[in-house]
> 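Structure in structure tokens, see below.
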Amino acid sequence: MKSPYFSDFESSSFFDFLTEHRPGLLPGAGKTASTGRAVPPEQTAQGAHLTVPHATTVLAVKYRDGVVIAGDRRATEGFQIADRRIEKVFKIDDWSAMAIAGAAGPCIEMAKLFQTELEHYEKLEGVPLSCEGKANKLGQMVKANLPLAFQGLIVMPLFAGYDVKRSEGRIFKYDLAGGRYEESDYHAIGSGGKDARNTMREHFRKNMAEPDALGLALTALYNAADDDVGTGGPDLVRGIYPTAKFVTAQGIVDVSDEKIRAVYDELIAARRSKEA
Amino acid sequence: MPLPYYVSPEQMMQDKAEYAKKGIAKGRSIIAMEYADGVLLTADNPSASLHKISEVYDNIAFAGAGKYSEFENLRKAGIRHADLKGFMYSREDVTARSLANGYSQSLGTIFSQEIKPLEVEILVVQVGVNGQPNEIYRISFDGSIIDEKNFAVIGGRAEAVQSVLKDKISTEPTALGAALALCVSALEQTANQKLPPEGLEVALLDRNRLGRKFRRLSVADVRRLLSD
């Protein structure tokens with residue numbers, strides 16, 4: 001345990017620690033990220049876009065007890081499906097979860113780094129970060145990823161946290177430059193994000209009950225998959241369904257596969273009856 | 001330029017050791033003790049906010065006695081070491097043994113090379129899961145490292161507490177309440193005063209918890225356990 005651990009390093013941030021001492025471990029490092037030089041998109045974007053798996057529609061909806069956050073399971077590489085079971089919704093700590101859209105590799109790395117970041121801060125300082133503090137920190141991490149975004153390795157998170165002090169769920173969205181915006185009701189990002197938002201705009205109500213919020217989230221994902229090739233709908237043959245988590249005062253709770261399947265069985269039956 | 005006068009290495013080390021020991025003995029004691037479901041850490045600490053015991057990683061806890069600023073630095077260094085290792089490889093690759101080794105190296109180097117040694121004594125504790133045994137490492141100001149069994153004491157009148165515990169401890173795994181009562185009575189005997197639950201800092205590494213095993217016990221928890 002030599003110099004880097006001691007030194008006069010003061011920050012309680014694991015991200016800052018890596019940036020200073022082990023930049024090679026940052027998401028997507030070793031490209032231009034380490035030099036900090038942005039490569040013009042036309043030089044690299046096409047190649048990068050086609051070879052890296054991308055993740056697609058994820059969304060979050062506020063309801064009476066907090067937030068439900070959900071995502072589809074498909075990753076694509078160009079016109080191929082790279083993965084049918086990818087997980088895009090991550091528990092970060094007991095009060096927050098995040099969903100990702102963009103290049104799968106750096107996205108998953110960022111989720112892992114963000115998990116370590118929050119736990120690291122909590123252990124060093126003895127208290128967890130506030131909900132707002134977590135959202136801001138994630139914005140800084142997205143900002144640091146900007147050079148990679150120019151190369152087509154976009155990482156776009158959607159953050160859902162339960163604010164213990166205010167006793168309410170909160171949703172934050174980001175832009176590529178690290179801008180952070182709070183959403184009051186719902187939001188969806190990714191290639192099918194617009195389709196999902198359209199569904200939620202029509203059916204969202206304030207202070208919904210838990211089953212209604214889950215139903216709305218899963219319906220929005222279904223409609224997004226209907227219109228967007230990059231988003232996977234429920235795969236009835238293989239039994240693969242979108243995943244969802246509740247972010248509430250009780251912590252982060254995974255919604256069971258059975259519950260999600262039941263919602264889709266009903267939804268599909270209703271759609272089928274319209275076709276008859 | 002005046003010539004530096006000669007001091008024999010033996011004399012220098014002895015002086016440094018004496019200095020460090022004096023600093024550590026000024027403080028109060030901390031006990032780590034195995035119980036049925038893991039490891040219990042009990043410190044005589046009147047402050048509710050300045051901790052002597054802390055979480056390092058999933059199965060690992062840290063306790064420091066002596067000078068606060070110095071063991072606080074060591075604690076932070078340990079957390080950085082553990083989080084970096086867990087991030088780089090995997091969570092299960094973070095072990096108390098490698099952490100204790102790192103501490104031993106650092107303390108040893110500082111003791112032999114710096115003018116002022118660190119006035120600290122630390123414990124690195126790991127709860128064993130899936131049938132693995134618990135590990136308790138005691139590391140001294142000079143970097144010497146001791147692999148303790150059943151229990152370990154650091155800080156204050158550590159030897160006195162140790163001898164009290166040695167007579168009373170049973171070889172069978174004890175329940176949490178009994179282990180805590182034993183620790184408190186040993187601390188009270190050597191401190192020659194009654195220790196209220198508010199004056200204790202108590203934490204557990206409980207192997208039955210999922211994920212992060214470290215948990216602090218509140219004053220109410222301690223009071224309830226001691227009254228049972």
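Worth saying up front: this structure is predicted, and the values here are computed from it rather than measured.
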> Is the number of heavy atoms from other residues, nucleotides or ligands within 6.0 Å of CD (Glu198(B)) greater than 12?
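Result for CD/Glu198(B): enclosed.
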> Near Lys143(A) NZ, under 6.0 Å, is it more than 12 heavy atoms from other residues, nucleotides or ligands?
no
> Non-hydrogen atoms of chain A under 4.5 Å away: do they reach the side chain of Phe214(B), the backbone, both or neither?
neither
> Please name all residues satisfying side-chain hydrogen bond (donor to acceptor under 3.5 Å, both in side chains) with Lys194(B), sequence neighbours left out, ordered by chain then number.
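Lys194(B): side-chain hydrogen bond (donor to acceptor under 3.5 Å, both in side chains) contacts with Glu188(B).
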> Does a sphere of radius 6.0 Å around CZ in Arg75(B) hold more than 12 heavy atoms from other residues, nucleotides or ligands, not counting ones at 6.0 Å or beyond?
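Counting other residues, nucleotides and ligands, CZ of Arg75(B) exceeds 12 neighbours.
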> Looking only at heavy atoms, which of residues 250-263 of chain A get nearer than 4.5 Å to chain B?
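Those residues of residues 250-263 of chain A which would need a heavy atom under 4.5 Å from chain B do not exist here.
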> With rounding to the nearest 0.5 angstrom, report the CG to CD distance, Asp83(B) to Gln115(A).
11.5 Å
> Looking at every non-hydrogen atom in both residues, tell me the closest pair between Lys112(A) and Tyr89(B) and how far apart they are.
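Nearest pair, atom of Lys112(A) first, then Tyr89(B): NZ-O, 4.4 Å.
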> Strictly less than 4.5 Å between heavy atoms, which residues of residues 46-56 of chain B line up against chain A? Please order them by number.
Glu55(B), Val56(B)
> For the NZ atom on Lys116(B), are there more than 12 heavy atoms of other groups (residues, nucleotides or ligands in this structure) within a distance under 6.0 Å?
yes
> Pick from Arg91(B), Arg216(B), Glu72(B): which one has the most heavy-atom pairs with chain A under 4.5 Å?
Arg91(B)
> Are there residues of residues 121-128 of chain A whose heavy atoms fall under 4.5 Å of chain B's heavy atoms? If so, which?
Glu122(A), Lys123(A), Leu124(A)
> May I ask you to test the Phe87(B)-Leu18(A) pair for a side-chain heavy-atom distance under 4.5 Å?
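When only atoms from C-beta onward are counted, Leu18(A) and Phe87(B) do touch, with a gap below 4.5 Å.
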> Any chance NZ of Lys21(B) has more than 12 other-residue heavy atoms, nucleotides or ligands included, within less than 6.0 Å?
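Open.
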> Does any part of the side chain of Arg80(B), heavy atoms only, come nearer than 4.5 Å to the side chain of His21(A), both counted from C-beta?
no
> Between OG1 of Thr116(A) and CG of Leu84(B), what distance do you get to the nearest 0.5 Å?
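Rounded to the nearest 0.5 Å, the OG1-CG separation comes out at 9.5 Å.
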